[in-house]
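Here the structure comes first, spelled out in structure tokens, and everything after it is commentary.
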Amino acid sequence: MTAAPIRVLVLHGPNLNLLGTRDPAIYGTTTLAEIDAELHRRAAARGATVECVQSNHEGELVTLIQQARGRFDAILMNPAAYTHTSIALRDALEAVALPAVEVHLSNLHARESFRHVSLTAARCVGQISGFGAQSYFLGLDAALQTVEGLRRAQAPA
Ligand code: DQA
């Protein structure tokens, strides 16, 4: 039997809609639309699908995570500044218990100390930080591998 396509919800947090012009020395010049297009392309090449959403609003991101249950197999997320502040996003990830991968364009640990702490990472399978747009593509790979591993573990012997 062919396995159902893996469905990944990609969430981009606040200010990531400005990628391309926002602090290019830190975040690069790739736009969010370009990142999303490449995620779609890479997912399709693996027989998977992605749905990409950007929001500047914490509550909207919480709702999107809640609604992901049953509709997606994994979440790939750059919570942006909410990484460092949002207990609500952390609780939503914990509540839905979907495998999640946290990504950041910049290397959080090479920046201001307030960026060294992620409230959300502990509720993710892992975190990828510092590879620019490539962080998302490595993150997609990690999310797909995680779901494939879970499916293998759940498959009847
Ligand atoms: C970011 C890092 C965060 O500290 C920052 O607030 C962002 C982007 C990154 O992708 O490097 O908005 O998540």
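Counting from 1, the numbers follow the sequence of the chain as shown. Both ligands and their constituent atoms are indexed starting at 1 by order of listing. Excluded from the calculations below are hydrogen atoms, water molecules and symmetry mates; all remaining heavy atoms, backbone and side chain alike, are included.
- Numbered from 1 in the order shown, with element, the atoms of ligand 1 that lie under 4.0 Å from a heavy atom of Arg22 read 7 (C), 12 (O).
- A salt bridge between Arg42 and Asp141 is absent, with no side-chain N of the basic residue lying under 4.0 Å from a carboxylate O of the acidic one.
- Using a 4.0 Å cut-off between charged nitrogen and carboxylate oxygen, Arg41 and Glu38 count as a salt-bridge pair.
- By the criterion of a heavy-atom distance under 4.0 Å, the side chain of Arg115, and not its backbone, is placed next to ligand 1.
- Of all protein heavy atoms, the one closest to atom 11 (O) of ligand 1 is Ser106 OG, 2.6 Å.
- When the side chain to side chain donor-acceptor pair (under 3.5 Å) test is applied to Gln66, no partner is found at least two apart in sequence or on another chain.
- Of all protein heavy atoms, the one lying nearest to atom 9 (C) of ligand 1 is Leu105 N, 3.4 Å.
- Taking a 4.0 Å cut-off on heavy atoms, Thr83 fails to register as neighbouring ligand 1.
- Against a heavy-atom cut-off of under 4.0 Å, Leu108 is close to the following atoms of ligand 1: 2 (C), 4 (O).
- Classification of the His104-His84 ring pair by plane angle, with boundaries at 30° and 60°, yields parallel.
- Near His84, the atoms of ligand 1 lying under 4.0 angstrom from a non-hydrogen atom of the residue are 3 (C), 4 (O).
- Shortest contact from atom 1 (C) of ligand 1 to any protein heavy atom: His104 ND1, 3.7 Å.
- With hydrogens and angles ignored, the 3.5 Å screen pairs a side-chain donor or acceptor of Thr83 with a backbone N or O of Ala80.
- The salt bridge (charged side-chain N to carboxylate O under 4.0 Å, His left out) analysis of residues 111-126, with sequence neighbours excluded, yields the pairs Glu94-Arg123, Glu112-Arg115.
- Contact annotation: for Asn78 versus ligand 1, heavy atoms closer than 4.0 Å belong to the side chain alone.
- Closest heavy-atom contact between Asp73 and Val147: O-CG2, 3.7 Å.
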